[in-house]
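To keep things clear, I will list the structure first and then write my remarks on it.
Everything numeric in this text was worked out from a predicted model, so none of it was measured. No hydrogens, no waters, no symmetry mates; every other heavy atom, side chains included, goes into these values. Below, chain A is the first sequence line, B the second, and so on; all start at residue 1.
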Amino acid sequence: MKVEYCPNDPAHFATNLRRAPGTRTLQWDNTGGHDVILVQTPFECNAVDIIQDICAELEKREDLPQKFTEISAGIWVRLVTASDKAKMGGCTMNAEACSYTVFACTLEEGGCILYEPQKQAMISPHCNIPKEVQVRVTEDVVMKGVFRKKAVPTGFYTISFGEGIAEGYMDGDLVYKICDFSIPITKKMVERRTVYVKTPIRPEILSTNKGMEVK
Amino acid sequence: MSTTLTMQNLIQHFEDRVRLLDRMNLGEATGKEPHYPQLVIYLGKNASQVHEGLSNCLLQLWPQYANELKFVYVDHDNGLSFREMICGTQESQELSQEALQELVSAMFGTKMHFADRSKLMLYYLLDTTSMTGSEDFEAWLPVMRSIKELLGLESSSMMEMLFLLLNENITRQKIAAQIRNSLSKFYTEADFRNVVSNVMLLSNRRSDNAILEDWVVGYQIVSAVIALSNNSDARVTGSIFSGCVMTASYAREEKPIAKIGNIVVRNMLNKMSDNVPQVSTELLDDSQLPDKLGLTKNGTFRMLDQYAEKNLFPMLPTEDKLELFPRAMADDDIIMSAMSARAFDEYTMGAWNQYLSMIAGKAREKVELNSAIRQSWSDEYKKALVSVFNKEEIIYLANHISDVRGMMRKAKSPSQDDPVLSCAKGQLLYNLSGDAKLIDIFIEALQSQGAVAQEFTDVWNSLLKSRRQIHEVRDLNMTTFYERKVRDYFDHQGMEVKNAFLKINDAESLIQFLKDVINSIIDSDESFSAAFEEELEKRLNEDAMGADARKYIRQKLTGNDVHTYLQTNFSLDEPRLSAILLKVDTPLYGNLINNLAPDTYYYNTGSGSAAEALVIYQVGKTNLVGGV
């Protein structure tokens, strides 16, 4: 597919990207009846800065994906047609703890044209979507004694992940640290909700993703 | 930046080098120096075109006066305008009238080295080539008068001479005759003589009717007359500044440096062109290629492996730390370090492989942020490339970069069935060598080296082609003599030169290398730096001609083939001055002293690279006037 990136054109604009309050929907303003491309990038990474790489990856494809598709590590793209936007009132986010950028686009036979967003102070084609995650670390114990009232440590700590973390989670977004040794937390671990670590020292949970805050 | 090199450039280097050696061989004894401050004034654009040649001639005589010899170009198209011309080049810079006065005034300063500051030698140069009639010539007389007034020197403080370069081409004979008629007024009109009291008339039509294509001999005569006239010897200056129109016969014998350079450079290039290796078209199929590209048997990059061993292996966990990896169950009975890599990764829900990826990722980030590491890898890789591939192979690889990239991305993943820790190192190496951004550092280094090698090859090929643009020297004695000198040099130094040549990778180094080889050839045989008569003697003896070089030179300088640079209707009078310009106290000097007329004047140039003979004649009115 041929992909062309053109300078800003007021006749083809898309901007004011935002999250509809209390929802998982992205909304934006664009030229009436026109299509857009949403690009999901790692948190605080502006797609405009890496648009040449994005275009190069898109050119390897036959068409623009109609749902969020990872075209290179951490970069997801989807086409939102004017009718999709009208039907959905925007577009559902693929994940949180990441950033999105909207580009106006026109589809042509065998390719598409993306338009450089306008630089404005008050409204932006780019937005960061932070995410708060709940992770609990507890010492694993077994109840012992005559009435099983005495909690005895097993030598393990449990790490429990709150609901919804797995959605859009990428391996290594979180790590646990014991002294100076950091071990990445994978999506599999998050999906499992509870994992065990054999250690006498309480693991510390840290985020490596600026858009993900641990509560 | 594109680099060009031609055979002519190398011949020029040869000439410069030999002249430099000639100059260095002078020792402490220099030749005569200019006695008075002097100013050369080019009247009009045509005259200024001889500046580079004339100033170089004077610089060869008086190299230590490079900053003290002054040259000014004057034009009168839109009022008087002046430009100072830079010695040895055609470059010039604008000069106001005040600046001209200051320039002349500074020539009398204490920072200058002229022995006598009582006079200014003022030399005008005028070329008649573009003149359309005698009025164009006469239009310059008021200009010369204005210049004298501008300089404000008393006539007793100034010695002046007009060098008139008379163009007498077939199509310009009528105009030339008008100018000669006009010049004859020198003898009848005092006003003319008040403007300029001495005229040296040099025609491009010699006494033997030959018409010269350029003014090379013209400015050589001007240079010789300037040298003789700016002299402490009153007998000589008196003969030259005698208030008349003069002309001169002239001959010059010198070492044929350009011809020798042509033979040496041509033979050197012929010898070296045999050294260029050819590339095999089967290079990509060569089983040794991955190793030469710096890949290990496992397909990982040796340089990245070394980096990993030093910087990443220490980050691998010990057996104890493996216990800290996550588990799905609080199972205390498992010995983590006993697991295979695959089992351990599954058991830890992918945390193990993610951990290894994280280490490799951190290494990549560190390298991306540290341009010094990238540069060092790139430089080291380029060095490694040139040590195992020749230039043609590097160009070939750079032109087949997709194939090379494919080869570089064939690292083998270690067996996941090995114990986790023993597999970990191999996995890290695999991760690192599988990183496209890191591999790009080496790909770019190869491409960059390919571009450098391509430029080298282009320059070399165009240099070899340029041989065809220069005529071969047809003097059998000279070619035989110097071809053997080059052959002798390569018989002794050929292998060393070849090895050094093969190690050169860029065009700039090639140029320097070729110049160094030329210098080395020159240093290898004293014939190259010998004074010109010695060089000729050696060459003639070599040819078993048994000729006497000094007699040969004497005849060249003073024999019947020496021509006067003016054709006249009547015979010229007896010479006003016969002079030889050469290095004194040489065998040639001794020979000339013994064989030429005792009143011949010898001007010590201090340089053994040439000898000149100049005879100055007065041109009377009858030899100036003629039919128009």
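Here the side chains of B:Gln449 and B:Phe389 are not in contact, with every heavy-atom distance at 4.5 Å or above. Side-chain contact between A:Val48 and A:Tyr5: present, with at least one pair of heavy atoms (C-beta onward) separated by less than 4.5 Å.
Contact count against chain A (heavy-atom pairs under 4.5 Å) is highest for B:Met329 among B:Met315, B:Met358, B:Met329. Heavy-atom pairs under 4.5 Å with chain A peak, among B:Met336, B:Glu323, B:Lys321, at B:Lys321. Chain B forms the most heavy-atom pairs under 4.5 Å with one residue out of A:Lys187, A:Lys188, A:Glu191, and that residue is A:Lys188.
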- request: Report the C-alpha separation of A:Arg19 and A:Glu96 in whole Å, then their side-chain angles, then the decisive distance to 0.1 Å, and conclude whether the salt bridge (Lys or Arg N to Asp or Glu O under 4.0 Å) test is met.
  value: CA-CA 11 Å; A:Arg19 179 181 193 165; A:Glu96 295 172 296; 2.7 Å; yes
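When heavy atoms are compared at a cutoff of 4.5 Å, B:Thr348 approaches chain A solely by way of its backbone atoms N, CA, C and O. Heavy atoms closer than 4.5 Å to chain B are found in the side chain of A:Asp140, but not in its backbone. Residue A:Tyr157: no heavy atom, backbone or side chain, is found under 4.5 Å from chain B. Residue contact with chain A, scored on non-hydrogen atoms closer than 4.5 Å, involves the backbone and the side chain of B:Asp332 alike.
Legend: residues meeting side-chain hydrogen bond (donor to acceptor under 3.5 Å, both in side chains) with A:Asp180, ordered by chain and number and at least two apart, are absent.
For B:Phe301 and B:Tyr381, the ring centers are positioned less than 6.0 Å apart.
Between B:Arg364 and B:Glu368 there is a salt bridge, with a side-chain nitrogen of the basic residue lying less than 4.0 Å from a carboxylate oxygen of the acidic one.
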